[in-house]
Amino acid sequence: MKKMSDLFSLNKKHPPKASVMTILMTGIFILTQSLSYPIVGQMVSINLDNASLKECINSIESQTSIGFLYQEKLISQTDRNININVKNEDIRVALDSIFSNTGLAYEIDKNVILIKETLPTHVIASEIISNDQQPIIVKGQVTDSKTDLPLPFVNVIIIGTSTGVATDADGYYTIEVKDPNATLGFSFLGYSNVILPVQSRTIINVQMSEEVTEMDDVIVLGYGTMKKASVGSSVSQINGREIESKSVGSISFEQMLGGQIKGVKITQSSGAPGAASIVRVRGITSPFGGSNNQPLYVIDGIPFNTDPQFSATNYDYAKNQNPLLSVNPNDIASLTVLKDAASTAIYGSQGANGVIIINTKRGEKNTGIRTSLDYSLNLSNPIKRLELLDAEGYKKLHTMIARNTLDAYAMGTASSSGNLEASQVIDPSTGVIRDSVLDISTGRKIPVFGSANTDWQDEIYRKNAPMQQWSLNVSGGNRETNYSISVSHTNQEAIIRKSNFKKYGARLSIDSEANKLLKIGTTLNYNGSRDFSSIANTADIIDMFIVRPDYPIYDNNGLFQRWPQYWIYQTPGTGRLYYEQANSVAKLENETIAHYNSFIGSGYIEASLFNGFKLRADANTAIFKSRSRDFNPLRAKLLSSTAKSSLTNGANEQMKTSITFQANYQKLINKHGIYLMVGNSWDKANYHRSYIRYNGFLDEYVLTNAASAINYLGSEDGEANSGLNSIYGRLQYTYNDIYTTTINFRTDKSSKFGPGNKRAYFPSFAFNWNAHREKFLENINYLDKLVLRASYGRSGSANVSDFLYLQYFQSGTGHNKEYLPGETTIVPSGTYPNADIHWETTREFNFGFDFSVLSDRLFGNLDIYDKYTSGILVASPYPLESGASSFTSNLADVSNKGWELEMGANLIRSHDFTWSFSFNISANRNKVESMEGHALTPYQTRYFTVGQPIGVIKGYRVVKIIQQQSEIDALNDASPTGVYQTAYTGPGDYLYKDLNNDKTITAEDQEVIGSMEPDFFGGINTTISYKRLSLLTSFQFTVGSEAFWDSYYLLMNPTRPMYNASPVALNDTWTPDNPNAKYPRLIYGNHFNVSDNNDAILDDASFLRLKIIRLNYDVPENMITKLPLKSAMFYISATNLFTLTKFRGLDPEGRASYGHRITAETSITDAFPLLRTFSFGVRISL
Amino acid sequence: MKKTKYIPVILWFIILTGSCEVLDSVENIKPLYRLTEETTFTDAKKTEAVLNGVYTAWKNSSINIFTAQTMLLSGNYTTTSSIGVDASINRVDVTSSYLSSYYRAYYSLLMRANYLIKALEADFEIPGLNQARRTEMKAEARLQRAMAHFFLLRNFGQFYNLNSDLGIVLQEAPLTGTPDNPRSGVLACYNSILLDIDYAMANAPISARSYGLLTRDAAKAMKAKVLLYMGDWTEAARLALEIINLPTYELETDFKSIYGNGFKSKEVIFSPVSIYPAHIDRPGSSTFSPGPLLISTADKSVGDPNDGDPVTGEGFDPRFAYAHAQDNVALMRPNNKYPFGSVTGEQANSLFILRLGELYLIFAEAKAREAVTGVDSEALAKLNAIRYRAGLLEISTSSKAEFLEAIRIEKQLELFGEFNEPWFDMVRYYILGDLNISDLKSEITSDNQLILPFPDAALSGNGGLIQNPGY
């Protein structure tokens, strides 16, 4: 018996059979069995009426053990109209009879019979000579059927021999054929194969047509690939072309993935250049560890976290890069999301939050040089601007607030600090608006209101901020080697004036069959970027807009106008001005520069030792380096007597090294296929952060380097190593391509945990049933595919700082650095050791089914999962009496249950017009199952409650706006403490509901009022093409998630005269004259109503967004024939064109993610707005 | 052909074994730049560095920030910030992160001291460290442990009632694991504090090699203060007098010089060393301004009760005028008791945890209370010494109650805005029946408000901790 592996293996004594090999590349194949001796000459007997082709094949197989190789689809499409009656005839006679009416052809390829379509129309010209039985020279040209362009490097072989040639650069070939009855095979990657009998012709010109391949027939799994038809777990894959088309105008590929992958929620929370998105695969499993619950990324084989946790220095000073910027979206060949534990178990301890595997593009063998050049111009504007009052409205507003405050103070419902503030705007003795307030420290009279009218948004936002992107790719290959080289450049002028972002990338990949045994390959990927931000912190951008519009940008001397901040009021009308704030345009004088460099390099060596057995060694390195420089000149800072310009230089480096060794073996015995892989890997990570701070500079424009600083303020650095040793394996058994069972196993040993807890085991099991291949479903003609999947697995997570089990001692930092000058200190670290700390473990069941009917006109898949994570690493309560500052333990259990549905339809599929549509929707129900009875900190209990989802939002219920003082007096009188709500609650304030009926409002009166977890989320995608035009649209939606509108505090409740507000604050807030207003009263010094969590400031953050719309035009070949181009394509696109939402702020997606706290997502901060981008792009191929 | 087949296998194994060398076993990955307990106490120098670490714990910003907030309890200060509103109305928020940081900061000091004490008491040689210094170091650590326990006790425990069960959690060894760790009784707390102080009085360095370090005399001064809180008037007065009469400490002749010299002042018994930029965040921040109680007391002290000029300080107690008159204070430093600017490498503001001026008044109060009736002349002399130094006229009285009140007022005007002593005086005087605390601070309506609540975070981390009544 010849081995199945022989067919796939490159280790053969004979050159590969081109026909077999190339056919194998075209899709799903079924290989029944194969013989080790020639087929020709075998005898068969068959007698069947109205039989299907499959039945005939079965009949032959049962008699002869001859094997067939065919594409499933071909066989299933044939009619049951075969009538055959042969007795002890040569196999060829039987086959001729069988195939005569099927529209299919067969081909005997030494030891298997290939079944393929007959392609009668391929010969466009031929000449027949009648010189039988003599060797003849056959010549011809191979061209593209659509474009008529010549195809170089097409393989032309004489089927059944090892003779073969390739076409030249102009598509011509010449081949000597000994037997005039021989058959020629033409194969070219990406094109359908052509098989033609020579029939004594000497010139055979052939047209080949591009093959529509299903890119996702092969699924990338951890440490290998698998036929999609065998996958039993839950995996989604997007091909590179789709990522390319949807990432127009984005620097980082994950930005546009929102709504594309079922079960994966992607939130783009900031429009800042290069900002990372929040990616959640099937809910939240580790909410507390400090990590952001991000999936494991595996880029070209290198696993890494985007949010690694380690304890070293102040995170904010040493800025980190979004490591995903290191991949150019155009370079991605495939992006695969492993979702269930059965698929992520192969990554063991790192897989619990899902795994995203990205493989970059590689060249193709046997192709000429293919060059493509992409260019795009993108013009961006903020998706929405804040609605703010102009100077006149602003003055009216503060006059109103001052009056409200003075009146309220007189009634005892405003604080004295509020009264002081108001007295500086209005003279309480006369009720007249003041002109100025006397600064007693300088004797200056500071006007209460200025005379300018500045729209700070106009001054800060750039209009139509341009971004240009270029990328060039050259790829190709010969028989042994393939390569791909690409370079790219992005130059973005950010929407904030003076800010820009530049990025450069270069990538090289090569694979080569060094000799018959060895294959080697490498990928080298470099990316560098420079992010210049003129604002110190992109999260604070709203602070730059909500400032007083009555002040100009420049004063009379042409210097930046400052405005008063932090008065210490003495008596009404006078005060001491402590700080003067820089205006928002002056704040753009900051230089926040981050240089990012990343390198991802991988190399492998693969040895095919004997049939079906391969050894492979991989060595991978990823380095992410960032170097930052924050210079804050005095002119951009708050001015006080001690303020100085400051400089912080930071550096951040992450290096990941992984080496894997792997052995693969595969074998097919009759209908039984076995695949076995075992491997081991060493993963090592090194993290380093450092920063140095200086202040005081003589010159604030040029001499702003460290050497020019007057004071050195201190520095810190920190470094951590962590390591992981793993052994993993996969055993797969397939029966008849109908049943596949996959068992994964992994064991990890991590340096993060103490003795006895280092090792963990992660097994998984998956089962796949291709039901449509069963005999009993064979006759359902409309059914193309029906697959049932079931899986169970365990995976883990350990994204916590290292050595949490040890009490260690270290040099004191900060104020602990030294006590007496020059005498440094040693202090026990603040991490309270936990000797029992161990892995988080996630167990997950997944059931799924895939179907496709009516020749793929309608298809879909559904997954249902149940996942339970136990021993979640939580920053846990610990005895404060230990004196430590943090403690992590395996405290909580969390479950995630959900379903994901994807439906697609090829609604129209005519020659000129196609319309495809797909829709995905997912629901995840997250629940905190257990806290092991621990009381958490108040901060935590606000968002974590047993039985509720993570990020549950608790707050007061607002009953109404209080109208009369008598109402609140009655409530206060009834209260046991004499105070119902707060001492200053008065008419115009919200009245909270007393849930526990104790006549007073306490924290106990808060209940669950919402959750950051959506009820559903997903996306809608359609593509319509007409001839050379195609229109792609992609929507994203989220339904039923709530969040606090963080800017409510700012836009609806200006606490001091230096803040501007929304027109609503002026027009729709409660005053005695406007008792029906929607919003409560505004008074100074009122921290009570708005800083509480209550349902009035909670918003429904559901939305439907048109994420991208893109129109493509392929230029007809005849228009570019005069140009040295193969093809050209233009597109225009728009992103974030519209958003339907009830959310009151800028953007329902603008979730906060500061401090890596997951529950920060319970509020939406209106930080850096997302961009609405119009793009124009062109791609040409040479 | 046959042979070449094995080349990749050989190559593969070479890489495999080679990479084992490159990528070390996970067992060999150790914390970087970190010591363990075993590798810390291996020589005298490192052990001294651990003691320095105990001293730096006094610079913990949480102690300093919240000390400022506790100044709101007495009404001597008010705040313009939304943080601290709870303290100014004497209903401290148990969920406040400032409260838990304050609580933890003292235990952080205790952790440092306890690890050091444990090592010094252990049965192993520390190369280069002689027995005499070893004992001294232990005494310095134990004195600081006593001080931390004492400051915790007076904030969180019923320090004014020796019979109360509601003391604090004593931490006399490094804590491990998550045991239930109950509160000790108040007397047990005082006993622990005194045991540590007595050890320090016997074993601490006789004289300090530098400012900012603790000595036997400092221990004695501390003991006088603790005994005053315990009501041991005789012993408190005796020890205070011993300190007053020592040549080691001297009253600054000019009140201002205390602050101008800062922790280097010859009057200072303990004030942590503080140098920019690693300085102490002062309680004299701009968000705290003098409250009505302090302003009226300072106004009454000189001239008419309502003649104070906030700009020049005329008509106010000179100490208040020095600290808060607008003409005196620099921009950004509204409390002139914290006069240093921020120039890197130079002396910075610090906390006056204990200074000689307070010992005069401890003596005065202890002596005054010791007397059955009337006014002890020695006590009056010490009070007037402080008044004289402040530039005030001497007072005289024959009423014990008046005299006690005069001492309290004097302490208020001498020590306001420092380590919050006026608040604890208010509580002690109230408990001893000398005043009605609600008259001074109307927000105090219950005895439960005399001490702080334990922070929520402490209760959730220690199953043995019982919350103070009323919270």
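Per chain, numbering begins at 1; letters A, B, ... match sequence-line order.
Aromatic ring pairs are classed by plane angle as parallel below 30°, tilted from 30° to 60° and perpendicular above 60°; the pair A:Y832 and A:Y878 is tilted.
Of the listed residues B:V50, B:L109, B:I280, the one with more heavy-atom pairs under 4.5 angstrom with chain A than any other is B:V50. The greatest number of non-hydrogen atom pairs below 4.5 Å with chain B, out of A:V827, A:N711, A:N816, is found for A:N816. Taking B:S210, B:G177, B:G345, B:S274 one by one and counting their heavy-atom pairs under 4.5 Å with chain A, the maximum is reached by B:G177. Comparing A:A884, A:S750, A:P821 by heavy-atom pairs within less than 4.5 Å of chain B, the highest count is held by A:A884. In terms of heavy-atom pairs under 4.5 Å with chain B, the best-connected choice from A:K644, A:Q807, A:H815 is A:H815.
Using a distance-only test at 3.5 Å, with no hydrogens or angles considered, a donor-acceptor pair links the side chain of A:D439 to the main chain of A:L577.
For a residue to count as touching a neighbouring chain, one of its non-hydrogen atoms must lie under 4.5 Å from one of that chain's; by this rule B:S289 does not touch chain A. When heavy atoms are compared at a cutoff of 4.5 Å, B:I275 approaches chain A solely by way of its side chain, counted from C-beta outward. Contact of B:Y55 with chain A is made through backbone and side chain together, with heavy-atom distances under 4.5 Å. In this structure, the portion of B:A57 lying under 4.5 Å from any heavy atom of chain A is its backbone and not its side chain. Residue A:S811 does not touch chain B at all, counting heavy-atom pairs closer than 4.5 Å. Within the 4.5 angstrom heavy-atom criterion, only side-chain atoms of B:L465, from C-beta onward, approach chain A. Looking at A:L724, the atoms closer than 4.5 Å to chain B (heavy atoms on both sides) all sit in the backbone: N, CA, C or O. Interface residue A:L806: only side-chain heavy atoms are found under 4.5 Å from chain B. Only the side chain of B:Q171 comes within contact range of chain A, with at least one heavy atom under 4.5 Å from a heavy atom of that chain. Contact annotation for B:P174: neither backbone nor side-chain heavy atoms come within less than 4.5 Å of a heavy atom of chain A. Only the backbone of A:Y712 comes within less than 4.5 Å of a heavy atom of chain B; no side-chain atom from C-beta onward does. If you measure heavy-atom distances from B:N60 to chain A, the contacts under 4.5 Å come from both the backbone and the side chain.
When each of B:E38, B:K45, B:K46 is tested with B:T42 by the rule side-chain hydrogen bond (donor to acceptor under 3.5 Å, both in side chains), just one qualifies, namely B:K46.
Taking 4.0 Å as the cut-off between side-chain N and carboxylate O, B:D86 and B:R91 do not count as a salt-bridged pair. In summary, A:E823 and B:R209 engage in a salt bridge, as defined by a charged side-chain N under 4.0 Å from a carboxylate O.
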Q. Can you check salt bridge (Lys or Arg N to Asp or Glu O under 4.0 Å) on B:K118 and B:E37, steps first, answer last?
A. CA-CA 10 Å; B:K118 183 183 164 199; B:E37 202 176 343; 2.9 Å; yes

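The aromatic ring centroids of B:F156 and B:Y103 lie less than 6.0 Å from each other. When ring centroids are compared, B:Y276 and B:F340 stay outside the 6.0 Å threshold.
Between A:D802 atom CG and B:R34 atom CZ the span is 8.5 Å, to the nearest 0.5 Å. The distance from the OG atom of A:S722 to the CZ atom of A:F803 is 8.0 Å, given to the nearest 0.5 Å. Between the OH atom of B:Y102 and the CD1 atom of B:I63 there is a distance of 7.5 Å, given to the nearest 0.5 Å.
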